[in-house]
Amino acid sequence: MTGANSFQVSGYGPARAGWTRLLARDSLARRLDWPILFSALALSMIGSILVFSATRNRTEINQGDPYYFLIRHLMNTGIGFALMIGTVWVGHRTLRTAVPLLYGASLCLILLVLTPLGSTVNGAHSWIVIGGGFSLQPSEFVKITIILGMAMLLAARVDAGDKPYPDHRTVLQALGLAAVPMLIVMLMPDLGSVMVMVIIVLGLLLASGASNRWVFGLLGAGTAGAIAVWQLHILDEYQIARFAAFANPSLDPAGVGYNTNQARIAIGSGGLTGAGLFHGSQTTGQFVPEQQTDFVFTVAGEELGFVGAGLIIVLLGVILWRACRIARETTELYGTIVAAGIVAWFAFQSFENVGMTLGIMPVTGLPLPFVSYGGSSMFATWVAVGLLQSIRVQRPMSA
């Protein structure tokens, strides 16, 4: 009896103490931003259903297994979730000290794409084939590197108390850091990723408190650069055709305008509540290309209707809202800049992806965060969630 009581007390005591620590005011569980976590998980789970619906009958790509893409999407989500936990454990402040190493690694990866190891997918030579059906898109991780690198430079002297805001020399250094990988990605060419990176850079500058002259100057330079790229015929033919189809939707409806036209038909046919999961005629008939990746939103629009598609947008909005709150509440400029860069990234990429399916934005091949199939994108977005959680966890509780 004594032994039993001794066992019960010794087992109950530590367990109770563990739960007490877990529920303590300063515990990790209390500091995590649960709306972001639940929204990201919900989007990933919704994405798994949409990916399954879009690929279960696609025998030419699913290796004869209707669950092929579903299993891989869930695996990517699990790996991404683990990367998020690892990022929180390491901490954004520790990653700040590792920026030179991360920057060098990301440059090496995107340079490898330009070697024979690189592979072309949908016109963009931006992938590295690993083998076993797996591939890596380094440009997704460059977005994180740019955010961390620019934040480190822009916040260094401000967080140290030397300056109230970044001076012109610091801004120029930060822009130079971002320009190198962006130029390499442009050479692939991966125009969609470059567009996201430009928006990220603008968001970082605005959050840092840098002079607005830099922002307006970059906007002017970007406009001039876009005109020069167009006039000098630097873009590939398929990219020019996509912009032409965006400007004139009736142009070549059976060719370059086919994707957008079919996407709009799929979304428009969904109505308020949709045709029902696995019952969309456009999805079942395989009329929309790349429906598990770039055009996954069309599955939601057709089969889940305005309600289901709206839920995806609401969940993305929750993530952006909470990320803005994290950026506002942190007491260090570095954390504010990192969070703001993630907001700019998620906001623009989500708007571009949904917009191109509705025909209000050009087709650029950008995935919908957490929802589209793709390991590199999934991993990068979950690492970004880990950065947001780390910033919130390490802020003073009074903030």
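Checked against a 6.0 Å centroid threshold, the rings of F287 and F295 do not count as neighbours.
Under the 30°/60° scheme for interplanar angles, the aromatic rings of F52 and Y67 are found to lie parallel.
A pairwise comparison of heavy atoms in L366 and S193 identifies CD2-N, 3.9 Å as the closest pair. The two residues I391 and A339 have their closest heavy-atom pair at CD1-N, 4.0 Å. For the residue pair S372 and T293, the shortest heavy atom distance occurs at OG-O, 2.6 Å. Across all their heavy atoms, Q292 and A54 have their closest contact at N-CB, 4.2 Å. The minimum heavy-atom distance between G64 and P66, with the atom names listed, is O-CD, 3.7 Å. The heavy-atom pair separating L204 from I337 by the smallest distance is CD2-O, 3.2 Å.
Formation of a donor-acceptor pair under 3.5 Å by the T298 side chain with backbone atoms of A263 is not found in this model. No donor-acceptor pair under 3.5 Å is formed between the side chain of D294 and the backbone N or O of N353. Between the side chain of R157 and the main chain of P166, no donor-acceptor pair closer than 3.5 Å is present. For the pair T381 (side chain) and M378 (backbone), a donor-acceptor distance under 3.5 Å is present. For N212 (side chain) and V215 (main-chain N/O), no donor-acceptor pair under 3.5 Å exists by modelled atom type. Counting only distance, with no hydrogens or angles, the side chain of R96 and the backbone of Y334 share no donor-acceptor pair below 3.5 Å. Listed for the N62 side chain is a donor-acceptor partner under 3.5 Å among the backbone atoms of T55. At least one donor-acceptor pair closer than 3.5 Å links the side chain of R93 to the backbone N or O of Q394. A donor-acceptor pair under 3.5 Å is absent between the side-chain atoms of D190 and the main chain of V185, judged by distance alone. Side-chain N or O atoms of S44 include one that pairs as donor or acceptor with a backbone N or O of A40 at under 3.5 Å.
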side-chain contact (heavy atoms from CB on, under 4.5 Å) assessment of F278 paired with R56 | CA-CA 9 Å; F278 311 134; R56 61 193 179 92; 3.2 Å; yes

Go through the steps to decide whether I144 and L102 satisfy the test side-chain contact (heavy atoms from CB on, under 4.5 Å), and finish with yes or no.
-> CA-CA 9 Å; I144 297 174; L102 296 174; over 6 Å; no

Kindly determine whether L320 and F346 satisfy side-chain contact (heavy atoms from CB on, under 4.5 Å), including the steps that lead there.
-> CA-CA 7 Å; L320 294 175; F346 284 5; 3.7 Å; yes

Derivation of the side-chain contact (heavy atoms from CB on, under 4.5 Å) call for V296 and T357 = CA-CA 9 Å; V296 70; T357 64; over 6 Å; no

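Note that the CD1 atom of I36 and the CD1 atom of I326 stand 4.0 Å from one another [nearest 0.5 Å]. Taking CH2 from W382 and CG from N76, the interatomic distance works out to 12.5 Å, rounded to the nearest 0.5 Å. Note that the CG atom of L315 and the OG atom of S350 stand 11.0 Å from one another [nearest 0.5 Å]. The distance from the CD atom of Q282 to the CD atom of Q262 is 5.0 Å, given to the nearest 0.5 Å. One distance of note links CZ of R72 with CG of D65; it measures 10.0 Å at 0.5 Å rounding. From I342, atom CD1 reaches atom NZ of K143 across 12.5 Å, with rounding to the nearest 0.5 Å.
The hydrophobic clustering, which links ILVMFWY residues whose side-chain heavy atoms are closer than 4.5 Å, places L41 and I319 together. Hydrophobic clustering (side-chain heavy atoms under 4.5 Å, transitive across Ile, Leu, Val, Met, Phe, Trp, Tyr) groups L387 together with V99. Hydrophobic clustering, with ILVMFWY side chains joined whenever heavy atoms are under 4.5 angstrom apart, groups I85 together with L43. F141 and L187 fall into different hydrophobic clusters, where Ile, Leu, Val, Met, Phe, Trp and Tyr residues are linked whenever their side-chain heavy atoms come under 4.5 Å apart, directly or through other members. Residues I46 and L37 share a hydrophobic cluster, clusters being chains of Ile/Leu/Val/Met/Phe/Trp/Tyr side chains in contact below 4.5 Å.
Residues T145 and P181 form no side-chain contact, since every pair of their non-hydrogen atoms from C-beta on lies 4.5 Å or further apart. Looking at P367 and E140, their side chains come closer than 4.5 Å, going by heavy atoms from C-beta outward. M186 places none of its side-chain heavy atoms less than 4.5 Å from the side chain of M182. L175 is listed as a side-chain neighbour of V201, based on a closest heavy-atom distance under 4.5 Å. Residues T87 and L95 are in side-chain contact: their nearest non-hydrogen atoms beyond the backbone lie under 4.5 Å apart. Side-chain contact check for S208 versus M150: every heavy-atom pair is 4.5 Å or farther apart. A heavy-atom distance below 4.5 Å is not found between the side chains of V354 and I312. L219 has its side chain within reach of L202: a pair of non-hydrogen atoms, C-beta onward, lies under 4.5 Å apart.
The side chain to side chain donor-acceptor pair (under 3.5 Å) test with S53 is passed by exactly one of Q291, E303, E302, H279: E303.
Side-chain contacts under 4.5 Å among hydrophobic residues (ILVMFWY), followed directly or transitively, place F306 together with L272, V307.
Under 4.0 Å is where a charged nitrogen must lie from a carboxylate oxygen, and between R325 and D33 no such pair does.
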